[in-house]
Amino acid sequence: MNRASRTTTVITKVTPMELRHLRYFIAVAEQGSVRAASERIHVTQPALSRQIMDLESELGVTLFERTSRGLKLTEIGGIFLSSVQRTLLALEEATHLTREAAAGMQGVIRIGFTESAGWTGVLPTAFSRFQKEAPQVKVELVPLNTTQQLTEIESQALDGGFLNLFAPLPKKFRMLSISRKDVVMAVPQEWEVREDERVSIRYLSGKPVVGFPRSTYPAYYDQIFAACTHSRVTLDVVQEVSTVTAIMALVSAGLGAAVVISDNRARPPARVKFLDFHDFSVPIDFSFIHLAENSNPALLRFRDIVRQCIADGESQTGPKESTPMRRGMSATEREYVAAG
């Protein structure tokens, strides 16, 4: 074979379809002209024509009829236009939702709380602010005691929780210290003691007492009885129940007195009196905690709102009990340093 009989085959590489091809196609379809579309999207006419031809080549169809008046969509081109417009609209919505979720404005958070903590202070204020700021986030509130919350947070069944800390936390948790609470005495209304009177823990000597079983709050239970032992008082526990509501019901019924956390005063039962101790104290740190590894954006936004509520001076049970967990700690330290 001589050189004259040889032929050369030119292979034209078609650029894979990209989003810009679809946007260029929509612009040309809507303008009916490469020139007008070129001016609208600021792409040169030759480059825009090349992109449309590449798109047609990749699809293997003719999208436009070339007429003396410009370009006109073919029937297939019209079908493709409708599909592409829906696709880009869905993409824009997905992009918006993704950015919202990354900013903590979409998604779901599950937050635990102790029953009495929901009545006043930081917790209800934080939830109210969060709902206004991020109304698209689904918030699931789960009432649980402290021990149950710690278990659920550790297993990631809960994102975070408002709880009373009775013992140091492992370092895998992050904590926002909200306030320091103490215990008070709850007695039946008919007991002959004035409600404005500060009493001694010895007042309970020889009187019936109701409370939690140790399995409900082991550390809290141990602290209460250790403090009683230190005060040389033996509590005569006549009945144990697992919830604050049940304890208040027993006190209301006159079955005995109880040593309870002071935030129960926020919703006092009609037949119960609360009295302060003058010689008995079991300090309890009320905090918001979550796992350090939990990166749920909605949780992080909620945590920021809780921090702001603390900075604004909200407290769980009033100014007297808003002492931070450790004196001298900065807000950053209170948040990021877990005891343990």
* Take Asp285 and Ser177 through the side-chain hydrogen bond (donor to acceptor under 3.5 Å, both in side chains) test and state the conclusion after the steps. => CA-CA 7 Å; Asp285 290 304; Ser177 178; 4.7 Å; no
* Structure fact -> Across all chains, not counting sequence neighbours, the side chain to side chain donor-acceptor pair (under 3.5 Å) partners of Gln156 are Glu293
* Got Phe280 and Cys228 here, is their nearest side-chain heavy-atom distance under 4.5 Å? -> yes
* Structure fact -> Tested for side chain to side chain contact (heavy atoms under 4.5 Å, CB included) against Leu150, the lone hit among Leu144, Ile289, Asn145 is Ile289
* Should Leu176 and Leu300 be counted in the same cluster of Ile, Leu, Val, Met, Phe, Trp and Tyr side chains packed under 4.5 Å apart? -> no
* Looking only at non-hydrogen atoms, find the nearest pair between Pro213 and Val241 and report the distance. => CD-O, 3.1 Å
* What about Val28 and Ile79, same hydrophobic cluster or not, with Ile/Leu/Val/Met/Phe/Trp/Tyr joined at side-chain heavy-atom distances under 4.5 Å? -> no
* Give a yes or no on whether the ring-centroid distance for Tyr221 and Phe166 is below 6.0 angstrom. => no
* Asked: Does the ring centre of Phe288 sit less than 6.0 Å away from the ring centre of Phe113?
  -> no
* Any side-chain heavy-atom pair from Val183 and Ile224 closer than 4.5 angstrom? -> yes
* To do: Check whether the side chains of Asp182 and Ser281 place a donor and an acceptor atom closer than 3.5 Å, and report yes or no.
  => yes
* Connected via hydrophobic side-chain network under 4.5 Å: Leu19 and Leu48 -> yes
Taking distance alone, no hydrogens or angles, what donor-acceptor pairs closer than 3.5 Å link side-chain atoms of residues 203-210 to residues at least two apart or in another chain?
from   : atom 1 : to     : atom 2 : distance (Å)
Ser205 : OG     : Arg202 : O      : 3.2
Lys207 : NZ     : Tyr203 : O      : 3.1

* To do: List the steps, then state whether side-chain contact (heavy atoms from CB on, under 4.5 Å) holds for Leu73 with Phe80.
  => CA-CA 10 Å; Leu73 281 171; Phe80 187 61; over 6 Å; no
* Asked: Who pairs with Arg23 by salt bridge (Lys or Arg N to Asp or Glu O under 4.0 Å), at least two apart in sequence or on another chain?
  -> none
* **Joint hydrophobic cluster, Phe130 plus Val108, side-chain heavy atoms closer than 4.5 Å** => no
* Structure fact -> Sorted by chain and number, sequence neighbours left out, salt bridge (Lys or Arg N to Asp or Glu O under 4.0 Å) with Glu154 holds for Lys172
* To do: Any chance you could lay out the side-chain contact (heavy atoms from CB on, under 4.5 Å) test for Val259 and Phe212, step after step, and finish with the verdict?
  => CA-CA 10 Å; Val259 176; Phe212 293 105; over 6 Å; no
* Val306 versus Phe162, closest heavy-atom pair with distance -> CG2-CZ, 3.8 Å
* To do: Apply salt bridge (Lys or Arg N to Asp or Glu O under 4.0 Å) to Glu56 and list each qualifying residue two or more places apart in sequence or on a separate chain.
  => Arg66
* Sequence neighbours left out, what passes salt bridge (Lys or Arg N to Asp or Glu O under 4.0 Å) with Asp236? Give chain and number order. => none
* Asked: So Asp222 and Arg214, salt bridge (charged side-chain N to carboxylate O under 4.0 Å, His left out) or not? Walk me through it.
  -> CA-CA 8 Å; Asp222 291 345; Arg214 187 178 185 279; 2.6 Å; yes
* Asked: If every non-hydrogen atom of Asn294 is compared with every non-hydrogen atom of Asn296, which pair is closest and at what distance?
  -> OD1-N, 3.0 Å
* Hey, are Asp312 and Arg129 close enough for a salt bridge, meaning a charged N less than 4.0 Å from a carboxylate O? -> yes
* Nearest heavy atoms of Gln45 and Val34, plus distance in Å -> O-CG1, 3.8 Å
* Under 4.0 Å between a Lys/Arg side-chain N and an Asp/Glu carboxylate O for Arg301 and Asp304? -> no
